[in-house]
Colleague: 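Structure below; questions to follow.
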Amino acid sequence: MFLRSCWKSRHKPDSGSVLVWLQLRYVALLWLCVTHLGCAGAEKTVVQKDAEFDITYNDTARSDNQTIYAFNHTVSRNRTEGVRVTVDVLSEGTESSPILFVVRQKQAVLSFQVPLILRGLTDKKFSFTASPSQPQYFKYVFPDGVDTVIVKVNSEMTFPCSVMSIQDIQCPVYDLDNNVAFIGMYQTMTKKGAITVQRKDFPSNSFYVVVVVKTEDEACGGPLRFYPLRPDELIDAGNRSKTLDVVVSPAIKSEVYVMGMLFCLGIFLSFYLLTFLVACVENKRMHRRREGLLHPVDMSPAETAPLLGKPAVTPVSPYDQYGSFADNASTLSSEAITDSIASDANYGYMERSLESVTGRSRHESLSSVEEDDYDTLADIDSDKNIVRTKKYLCVSDLARKDKRVLSKKYQIYFWNIATIGVFYALPVIQLVITYQTVVNVTGNQDICYYNFLCAHPLGNLSAFNNILSNLGYVMLGLLFLLIVLQRDIIHSKALERNELNALECGIPKHFGLFYAMGTALMMEGLLSACYHVCPNYTNFQFDTSFMYMIAGLCVLKLYQKRHPDINASAYTAYACLAAVIFFSVLGVVFGKGNMVFWIVFSVIHILATLLLSTQLYYMGRWRLDSGILRRMVYVIYTDCIRQCSGPMYIDRMVLLVMGNIVNWSLAAYGLLERPNDFASYLLAIAICNLLLYFAFYIIMKLRSGERIGCMSLVCILFTAVVWGFALFFFFQGLSTWQKTPAESREHNRDCIVLSFFDDHDIWHFLSSIAMFGSFLVLLTMDDDLDDVQRDKIFVF
């Protein structure tokens, strides 16, 4: 079935032909409308003719007339048939005034022009107007020496929503709303759109840029259209024309990739060099210090006393000066009675000299007694109740367990997180590879939320620069492990030499948590890189899981410094962190606007805060069992009713009250606001608690008469400055999966460093350096106590 329409043209002569396939359903009225596009705005005479199949019609098209051919076609219900319409232009030279053909069916409209004029694109901006009935497409040919280009489409108008597509040179061109996603690469857009195109993906060394305006705006975050109840009622779609401009410019060359990789490596290798120089200086200082200990003949007793762990001046008893903002005058409360017993029984223990422990045998100090064996003795348990409930504690009171047992206990942190990291990372890597494959195969650029204006592909990866910038977490995490290993070796050798400072002075050295922190930093880099393979809402948890781990491990390390005997075991700690990650997953799936979920989470958050506060206040001597209500009533009666007395542990109470205020406030904020980004909200809770505890630790350290060493002070100041700059780049917000992909692209920005890295890459650089600096602060902040006896170091 062919229709051949021929006519004469009064304008410049030329020839052309168009072949179109049409598929009709059931009984359809097919209209072929022929219109001359020469004089826009002129009044046209409409002529309608009844037409039949297999007949050729010759006609003349002018700028002042419009000819309509009407065909009746019946299609059986269970058969699929097509109608081919062939149009030949017999005149010559109609480029300036092409002929427009419109084919109208019962539920579809198709239009095309003859001759088809393709506008070529260059590196200059070209402006045009598109609408749902008038899509636009352009041809681009790769110049010699250019292998990658970036196609940018911009508009001053947010709506109507449009689709930008990159298609291979073929016929037909898919330029309708319902078929533009069939081939090539495509993305929805409002004001900005950008797609990086590589020559290797187009064998013809050229491609089409197609821009289609959608008939509705829901895909771009716009309001839903009103659909009338009656199907025959017309809808006023309004003006859906959109003015846009397109420009195709060459992307970066391979030299820029090399410069970016060398820049990234150079930054972090410089930290290795700086660490090596500092280690050399520190080694010389330690060597001189050791020689001074071995040959103190030229030094006075006052000078040698600190080196041997003895104070030069007899300190005032901590019971007189340390520990509270105000004196607690009550001696009749239940807590005060316990404190009185503890003070009588252990005063002499606190004032023991270093010589009193030199006779302890090496075998006794490093015995193979298990921690559980020590704790299950009834008399020792009673002693723990006495020691840990004293009003003023020293580190020696909470460092009574065997060193070898505790070292094995804390090494479990490292082995557990290494195991968790392997089993967590493998399925994540497999999943993001699948995501990237889907993007490459389907061409759907709306799956992943890149910064498309600075997304440099490499191989099958769409945004290699966002992955490369995570290298700092891995390299600095490894460097931190090497630093911890060096300290661990030095401390082990000191123990082998039975050095008194290593045995009985300073904060007890347990490196298991430090190893776990370094491993967590490396895993954070790996999983952040996995997330940036295809960043979106569903896999953001990969980027935050080990952030929870890092925050939790830092809090545990701070607490372990002064409470080595009663710190949480690895199994308990990781079980709690697993619960946090579990809630993170639930928040991603169910938390968006779900009031029931937020109520349940807020209640659990507050209850967990109260339970942890009680555990910390009583130093682990509080038990959750059947007698808890009876004990609570007894404490309330004795301390609040019979005699009103203030809290016994003032410093701990201040910390816990502040912690409860912060956590209750965060719980109330979550319940009222219900933020969409639950993972970030959960991370904010962890970071706020970590910062609160760190600030409390520093303040109490200074109040206790201790000082912050030069190295620690430098690390604190450096880390604070770097964190400030890092957060500035983090809040630039180059993309957001809390909005539609089209709305997210409105936040896209160009690269800012070497034409290769964007603001978020700089956040990766700076945050990895800041985390490394934070770890160094935790590692070195108590180095000033290495020569101080543990029964002179206060617990807070």
Colleague: With side chains defined as the heavy atoms from C-beta onward, is the minimum distance between L672 and W598 less than 4.5 Å?
Modeller: no
Colleague: With F511 as reference, evaluate D488, I489, L481 under the side chain to side chain contact (heavy atoms under 4.5 Å, CB included) test and give the passing residue.
Modeller: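 Among the candidates, only D488 passes.
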Colleague: Do the side chains of F480 and F514 get nearer than 4.5 Å, heavy atoms only?
Modeller: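 In contact.
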Colleague: Look at the aromatic rings of F601 and Y681 and report parallel, tilted or perpendicular, splitting at 30° and 60°.
Modeller: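 Because their plane-to-plane angle is over 60°, the rings of F601 and Y681 count as perpendicular.
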Colleague: What do you reckon, is CE of M157 surrounded by more than 12 foreign heavy atoms closer than 6.0 Å?
Modeller: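 Result for CE/M157: enclosed.
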Colleague: Could D782 and K561 be called an ion pair, given the rule that one side-chain N must be under 4.0 Å from one carboxylate O?
Modeller: yes
Colleague: Could you tell me whether the side chain of L778 reaches within less than 4.5 Å of the side chain of L558, counting heavy atoms only?
Modeller: yes
Colleague: Identify the heavy atoms of T544 and A679 that sit nearest to each other, and give their distance.
Modeller: OG1-CB, 4.0 Å
Colleague: In terms of side-chain geometry, is the basic nitrogen of R707 or D783 positioned less than 4.0 Å from the acidic oxygen of its partner?
Modeller: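 D783 and R707: not salt-bridged.
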Colleague: Between atom OH of Y257 and atom CG of L468, what is the distance when rounded to the nearest 0.5 Å?
Modeller: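 The distance works out to 11.0 Å.
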Colleague: How about CG on N460, more than 12 heavy atoms from neighbouring residues, nucleotides or ligands closer than 6.0 Å, or not?
Modeller: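 Incorrect, the count does not exceed 12.
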Colleague: Using the six-membered ring wherever Trp is involved, compare the ring planes of F271 and F718 and label them parallel, tilted or perpendicular (cut-offs 30° and 60°).
Modeller: tilted
Colleague: Measuring only between side-chain heavy atoms, which start at C-beta, is N567 closer than 4.5 Å to H510?
Modeller: no
Colleague: Determine whether I150 and I195 make a side-chain contact, defined as any pair of heavy atoms from C-beta on separated by less than 4.5 Å.
Modeller: no
Colleague: Given Y435 and V439, is the side chain to side chain contact (heavy atoms under 4.5 Å, CB included) satisfied, shown in steps?
Modeller: CA-CA 6 Å; Y435 268 117; V439 172; 5.6 Å; no
Colleague: Mind listing the side-chain donor-acceptor pairs of residues 516-527 below 3.5 Å, one per line with the distance, residues two or more places apart or on another chain?
Modeller:
{"unit_1": "T519", "atom_1": "OG1", "unit_2": "Y515", "atom_2": "O", "d": "2.9"}

Colleague: Do any N or O atoms from the side chain of H491 and from the backbone of R487 form a donor-acceptor pair under 3.5 angstrom?
Modeller: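 Not at all, since once roles are kept as given, no pair shorter than 3.5 Å links the two residues.
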Colleague: Would you please indicate yes or no on a ring centroid separation below 6.0 angstrom for F464 and H456?
Modeller: no
Colleague: Let me confirm one number: the CZ-CG distance from F276 to L479, rounded to the nearest 0.5 Å.
Modeller: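 Nearest 0.5 Å value for the CZ-CG distance: 12.5 Å.
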Colleague: Donor-acceptor pair, distance only, cut-off 3.5 Å: does the side chain of D761 make one with the backbone of D758?
Modeller: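 Such a contact is found between D761 side chain and D758 backbone.
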Colleague: Going by the angle between their ring planes, with limits at 30° and 60°, are F540 and Y531 parallel, tilted or perpendicular?
Modeller: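 Judged by the thresholds at 30° and 60°, the geometry between F540 and Y531 is perpendicular.
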Colleague: Please confirm whether the backbone N or O of N539 pairs with a side-chain atom of D543, one donor and one acceptor, at under 3.5 Å?
Modeller: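 Judged by distance alone, no pair lies under 3.5 Å.
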Colleague: What distance separates N444 CG from M185 CE, expressed to the nearest 0.5 Å?
Modeller: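 Atom-to-atom, N444:CG and M185:CE are 12.0 Å apart.
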Colleague: Only counting residues at least two apart or in another chain, list the ones meeting side-chain contact (heavy atoms from CB on, under 4.5 Å) with K739.
Modeller: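 T736, E743, H747.
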Colleague: Ignoring hydrogens, what is the shortest heavy-atom contact between A726 and L766? Give both atom names and the distance.
Modeller: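 What the structure gives for the nearest pair is CB-CB, 3.6 Å.
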Colleague: Which heavy atom of L471 sits nearest a heavy atom of L265, and at what distance?
Modeller: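 Of all heavy-atom pairs spanning L471 and L265, the closest is CD2-CD2, 3.6 Å.
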Colleague: Would you confirm whether S155, through its side chain, and L244, through its main-chain N or O, come within 3.5 Å as a donor-acceptor pair?
Modeller: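 Here the side-chain-to-backbone pair does not exist.
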Colleague: Assign the ring pair W723 / W763 to parallel, tilted or perpendicular, where the plane angle (0 to 90°) is split at 30° and 60°.
Modeller: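 Tilted.
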Colleague: Is the number of heavy atoms from other residues, nucleotides or ligands under 6.0 Å of F590 CZ greater than 12?
Modeller: no
Colleague: For V533, does its backbone N or O pair with a side-chain atom of N466 as donor and acceptor, under 3.5 Å?
Modeller: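 No; judged by distance alone, with no hydrogens or angles, the pair does not exist.
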Colleague: Does the side chain to side chain contact (heavy atoms under 4.5 Å, CB included) test come out yes or no for S249 and V149, once each step is laid out?
Modeller: CA-CA 6 Å; S249 54; V149 296; over 6 Å; no
Colleague: Just checking W664: does its CH2 atom have more than 12 heavy atoms from other residues, nucleotides or ligands closer to it than 6.0 angstrom?
Modeller: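 For W664, atom CH2 is not crowded (no more than 12 foreign heavy atoms under 6.0 Å).
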Colleague: Verify side chain to side chain contact (heavy atoms under 4.5 Å, CB included) between S528 and F546, making sure each step is shown before the conclusion.
Modeller: CA-CA 9 Å; S528 178; F546 272 82; over 6 Å; no
Colleague: Any donor-acceptor pair under 3.5 Å linking the side chain of T437 with the backbone of I433?
Modeller: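 Checked: pair present.
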Colleague: Crowded around M261 CE? As in, over 12 foreign heavy atoms under 6.0 Å?
Modeller: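 Count over threshold, so yes.
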Colleague: Is a side-chain donor or acceptor of Q732 paired with a backbone partner of F728 at a separation under 3.5 angstrom?
Modeller: yes
Colleague: How would you list, by chain and number, every residue that makes a disulfide bond (SG atoms under 2.5 Å apart) with C454, sequence neighbours excluded?
Modeller: C751
Colleague: If I take atom OG from residue S665 and atom CG from residue N660, how far apart are they, to the nearest 0.5 angstrom?
Modeller: 10.0 Å
Colleague: Do P535 and Y450 have side chains that get closer than 4.5 Å, going by heavy atoms?
Modeller: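 Yes, close enough: below the 4.5 Å cut-off.
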Colleague: Does the distance from a Lys or Arg side-chain N to an Asp or Glu carboxylate O, for E706 and K701, drop under 4.0 Å?
Modeller: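 So E706 pairs with K701 through a salt bridge.
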Colleague: Is the NZ or CZ atom of R562 positioned over F794's six-membered ring, under 6.0 angstrom from the centre and within 45° of the axis?
Modeller: no
Colleague: State, to 0.1 Å, how close L690 and C554 come at their nearest heavy-atom pair, and which atoms those are.
Modeller: CD1-CB, 3.7 Å
Colleague: Determine the interplanar angle of the H532 and H760 rings, folded into 0 to 90°, and report it as parallel if under 30°, tilted if 30 to 60°, perpendicular if over 60°.
Modeller: tilted
Colleague: Spell out, as yes or no, whether a donor-acceptor pair under 3.5 Å connects the side chain of T572 to the backbone of A568.
Modeller: no
Colleague: Can you check side chain to side chain contact (heavy atoms under 4.5 Å, CB included) on N154 and K191, steps first, answer last?
Modeller: CA-CA 5 Å; N154 298 291; K191 291 185 175 182; over 6 Å; no
Colleague: Starting at OH of Y413, measure out to CG of L556 and round the result to the nearest 0.5 Å.
Modeller: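 If I round to the nearest 0.5 Å, the distance is 4.5 Å.
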Colleague: Measuring from atom CD of Q445 to atom CZ of F452, what distance do you get when rounded to the nearest 0.5 angstrom?
Modeller: 5.0 Å
Colleague: Are I708 and D784 close enough that some pair of their side-chain heavy atoms sits under 4.5 Å apart?
Modeller: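 The answer is no; the side chains never approach within 4.5 Å.
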Colleague: Is there a side-chain contact between N663 and I606 in this structure, where contact means two heavy atoms from C-beta onward sitting under 4.5 Å apart?
Modeller: no
Colleague: May I ask you to check whether N451 and S735 show a side-chain donor-acceptor distance below 3.5 Å?
Modeller: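 No donor-acceptor contact under 3.5 Å links the two side chains.
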Colleague: Show, in sequence, the C-alpha distance, side-chain angles and deciding distance for T719 and S774, and conclude whether the side chain to side chain donor-acceptor pair (under 3.5 Å) test is met.
Modeller: CA-CA 6 Å; T719 302; S774 301; 4.9 Å; no
Colleague: Looking at Q436 and L461, what are the two nearest heavy atoms and their distance?
Modeller: OE1-CA, 3.9 Å
Colleague: Which pair of heavy atoms, one from P741 and one from T188, lies closest together, and at what distance?
Modeller: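 Heavy-atom minimum between the residues: CB-OG1, 4.4 Å.
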Colleague: State whether the side chain of Y272 and the backbone N or O of M475 hold a donor-acceptor pair below 3.5 Å, judged by distance alone.
Modeller: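 Present.
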Colleague: Between the side chain of S680 and the main-chain N/O of D677, is any donor-acceptor distance below 3.5 Å?
Modeller: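 No, S680 side chain to D677 backbone: no donor-acceptor pair under 3.5 Å.
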